Amino acid sequence: MRGLLLLILLAAPLLAHAEHHFDDYDTAVMQGLDKPNARVQTFNVQVGHNATFGPLNVKVRSCKKAPPEETPESVAFVEVDDPRVKDANRQNLYRGWMFASSPALAALEHPIYDVWILDCKNSATKAASPPAADAGKKASPDKAKRKKP
């Protein structure tokens, strides 16, 4: 009976995620920790593509994010492989959902590398150019100085 109660309490945060409405995004913002060198690196992985972190291949199959009016949450279905391992059964280090709000719940914990999700975004929003209304503004004093002979 205690085991069942404990299971229900541990599953409660996961059930809360099921109530969210998630929107699909095309890029996952991931973060990795190289433990021996004490380096943290943030990198982007497009859905359906691979990125490398150290020797590891990180592939994102899906990236979803709750709308702004709901509780903030980003989730991604991630696969992490180590191509150096020749045994196909042991090559896959991680396969599953990662939650940005609970990185300790589902992140790759490797003896040398840790990988987790930070956020989901669309690549088009990053590449969007500033509005054309800025074109009519006067040049800054720095630009004016550069034009003088």
Side-chain angles (χ1 to χ4, degrees), residues 3-140 142-143:
L4 181 61
L5 181 59
L6 182 61
L7 180 64
I8 292 171
L9 289 175
L10 291 175
L14 294 175
L15 294 175
H17 292 292
E19 297 172 9
H20 282 287
H21 166 75
F22 289 100
D23 297 322
D24 290 321
Y25 287 79
D26 66 3
T27 304
V29 181
M30 307 291 291
Q31 194 163 56
L33 169 64
D34 180 349
K35 295 176 188 177
N37 297 318
R39 290 187 185 156
V40 177
Q41 180 182 351
T42 302
F43 55 98
N44 295 333
V45 185
Q46 286 190 329
V47 172
H49 292 87
N50 286 333
T52 56
F53 177 69
L56 305 179
N57 288 331
V58 180
K59 184 168 192 168
V60 175
R61 297 282 184 183
S62 177
C63 197
K64 298 177 180 287
K65 187 174 181 178
E69 63 273 5
E70 292 188 21
T71 306
E73 181 62 283
S74 294
V75 298
F77 191 83
V78 180
E79 296 175 352
V80 182
D81 296 324
D82 189 345
R84 300 172 301 170
V85 177
K86 300 302 179 200
D87 182 5
N89 293 330
R90 297 186 58 177
Q91 189 177 24
N92 191 297
L93 301 175
Y94 183 89
R95 185 169 196 238
W97 289 97
M98 290 185 176
F99 298 88
S101 65
S102 306
L105 178 66
L108 169 71
E109 293 180 13
H110 183 269
I112 300 173
Y113 304 101
D114 287 352
V115 176
W116 61 94
I117 182 172
L118 293 178
D119 197 9
C120 293
K121 66 180 186 177
N122 282 323
S123 57
T125 50
K126 184 177 181 184
S129 59
D134 292 341
K137 291 185 179 180
K138 290 183 180 179
S140 68
D142 290 337
K143 289 182 183 176

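Please read all numbers here as calculations on a predicted model, not as lab measurements.
The side chain to side chain contact (heavy atoms under 4.5 Å, CB included) search around A107 returns W116, not counting sequence neighbours. With sequence neighbours left out, P36 forms a side chain to side chain contact (heavy atoms under 4.5 Å, CB included) with D34, I112. A search for side chain to side chain donor-acceptor pair (under 3.5 Å) contacts involving N50 returns nothing, not counting sequence neighbours. Applying the side chain to side chain donor-acceptor pair (under 3.5 Å) criterion to R84, with sequence neighbours excluded, gives D82. Partners of F53 under the ring pair (Phe, Tyr, Trp, His ring centres under 6.0 Å) rule, at least two apart in sequence or in another chain, are F43, Y113.
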Problem - Residue pair I117, V75: steps toward the side chain to side chain contact (heavy atoms under 4.5 Å, CB included) verdict - result: CA-CA 7 Å; I117 182 172; V75 298; 5.9 Å; no
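Under the side-chain contact (heavy atoms from CB on, under 4.5 Å) test applied with Y94, the options D81, V115, V80 reduce to a single match, V80.
Among pairs with a residue in residues 45-58, none fulfils salt bridge (Lys or Arg N to Asp or Glu O under 4.0 Å), at least two apart in sequence or across chains. Annotation: disulfide (SG to SG under 2.5 Å) contacts involving residues 42-74, sequence neighbours excluded, comprise C63-C120. Evaluation of the salt bridge (Lys or Arg N to Asp or Glu O under 4.0 Å) test over residues 101-114, restricted to residues two or more places apart or in two chains, returns K35-D114. Pairs engaging residues 56-67 under the side chain to side chain donor-acceptor pair (under 3.5 Å) rule: D24-K64, R61-E79, K65-D119 [sequence neighbours left out].
Contact annotation: the side chain of L108 never approaches that of V78 to less than 4.5 Å [non-hydrogen atoms, C-beta and beyond]. Residues L118 and S74 form no side-chain contact, since every pair of their non-hydrogen atoms from C-beta on lies 4.5 Å or further apart.
Under the 3.5 Å distance criterion, the side-chain polar atoms of N122 are matched with a main-chain donor or acceptor of D26.
Here the closest heavy-atom approach between residue A100 and residue E73 is recorded as N-OE1, 3.4 Å. Here the closest non-hydrogen pair linking A66 and T71 is CB-O, 3.5 Å.
Between the side chains of T27 and N44, no donor-acceptor pair is found at a separation under 3.5 Å.
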